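In this text, all values refer to a predicted model and were calculated from it rather than measured experimentally.
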Amino acid sequence: MKAVILAAGVASRLRPLTDNTPKCLLKVGDKSILERTIDNISANGITDIVVVTGYLKEMIEDFLINKYSELNFTFIFNEKYDSTNNIYSLWMTKEELLGHDMLLLDSDIVFDSRIIGLLINSDHENCLAVRSDHKLSEEEIKLLLNDDGSIKEISKVVDPNAAVGESIGIEKFEKKFVWRLFTILDIKILDNHEVNIFYEAAFQNAMNSGAKIYPVDVENYKCMEIDTIEDFESVGRLAKELS
C-alpha cells in the first residue's frame, strides 16, 4: 500500500499564518500538522508515501527529507496549485499509484493514528473515514447511504439533516478500484477539464457506475480539519488529547 498526501494548496483562509508557511507545516502543539500525519502513517506500517506539493514546495520537501530518512517519499509538483483543486493533485499521482492499494489523505487534518488502523483493518476493500458525532453544516463533505450501508452520495450539497456524517478526508482503496478511479479522473481532467472541483466527484462517478465504497465511523477517535483561523485556534485542545 502507498499513502498519498495532497499538500499543494495556498490555504488563503489561514492568512497571515500561511503567508510564509504552507498550511501543513503549521505547528499544532509541539508538532506540525504534516509531522503528525506522517507519524500516523508510519505507525501503521506504511513506508511508501507520495506527496503532491505546490505552494512553498521546497519547505515541505526539505522538512520531510531531513526528518524522515527512513521513509520512501515521492514528490510530485502541481505547478497549477493556485488554479486547481484537489482532484487535479490526485490525478497527478496516477503513474505512482496504478497497481497499488492506496491510502489517501488530505494534508490539513489532525487525527488519532488509530483511524488509519480502522480503515486498514476494515472488511471493506474500499472505504473512507466518517465522523458522525457532531452537528453538520453546509461546509462539510457529507454522506447519504444506500440500504446496504454503502455510500450513495458524497458532496457538500447533501442535506445536513439527512446526512449520516462527514467524510474527514482519509480513504482506503484497493488496486482494482484505483485503476477505475484514475480512468474516471482521466475523463474529468483531460476530456472535461474539471480541474477545480473536489476529488469526491470522481468517487461519486464510480459509485454511480456500480462501485461500492463504505463508511467507517471513527467512533470516539479524535479528528479535526483545519480550514480557518478559528479552526487553528481551537485545534490546540485536540492536540493535547492526542499527545
Answer yes or no: is there a side-chain heavy-atom contact under 4.5 Å between F198 and K156? yes

Step by step, work out the side chain to side chain contact (heavy atoms under 4.5 Å, CB included) result for L105 and I116. CA-CA 10 Å; L105 305 99; I116 293 178; 4.3 Å; yes

Tell me which pairs pass ring-ring contact (aromatic ring centres under 6.0 Å, His included) where either residue lies in residues 144-174, with sequence neighbours left out. F173-F177, F173-F203

Quick one: do L71 and S42 satisfy side chain to side chain contact (heavy atoms under 4.5 Å, CB included)? Show the steps, please. CA-CA 8 Å; L71 300 178; S42 179; 4.2 Å; yes

Would you say the side chain of N78 lies within less than 4.5 Å of the side chain of K57, judging by non-hydrogen atoms? no

Report yes if some heavy atom in the side chain of Q204 is under 4.5 Å from a heavy atom in the side chain of E153; otherwise report no. yes

Applying the side chain to side chain contact (heavy atoms under 4.5 Å, CB included) criterion to I168, which one of L128, V218, I141 satisfies it? V218

Closest heavy-atom contact between N40 and F111? ND2-O, 2.8 Å

On a heavy-atom basis, the closest approach of V4 and M102 is CG2-SD, 3.8 Å

I'd like to know if D227 and K23 make a salt bridge, using a cut-off of under 4.0 Å between side-chain N and carboxylate O. yes

Do NZ/NE/NH1/NH2 and the carboxylate oxygens of K212 and D148 come within less than 4.0 Å? yes

Exercise: identify the closest heavy-atom pair between V195 and S83: CG2-O, 4.4 Å

For N220, look at atom CG and say whether over 12 heavy atoms of other residues, nucleotides or ligands are found less than 6.0 Å away. no

What orientation do H124 and Y214 show, parallel under 30°, tilted 30 to 60°, or perpendicular over 60°? parallel

Between D30 and R36, does any NZ, NE, NH1 or NH2 come within less than 4.0 Å of an OD or OE carboxylate oxygen? yes

Test side chain to side chain contact (heavy atoms under 4.5 Å, CB included), reference I151, set S167, C127, P215, output is P215

Within 6.0 Å of CG in D191, more than 12 heavy atoms from elsewhere: yes

Residues N196, N85; criterion side chain to side chain contact (heavy atoms under 4.5 Å, CB included); working and verdict: CA-CA 4 Å; N196 204 19; N85 210 322; 3.7 Å; yes

Is the shortest side-chain heavy-atom distance between L103 and I170 below 4.5 Å? yes

Which atom of I109 lies closest to which atom of T37, heavy atoms considered: O-OG1, 3.8 Å

Can you establish whether the number of heavy atoms outside E35 located under 6.0 Å from its atom CD is more than 12? yes

Any idea which heavy atoms bring L56 and N20 closest together, and the distance? CD1-C, 3.5 Å

For I60 and P22, which heavy atoms make the closest approach, and how far apart are they? CG1-CG, 3.8 Å

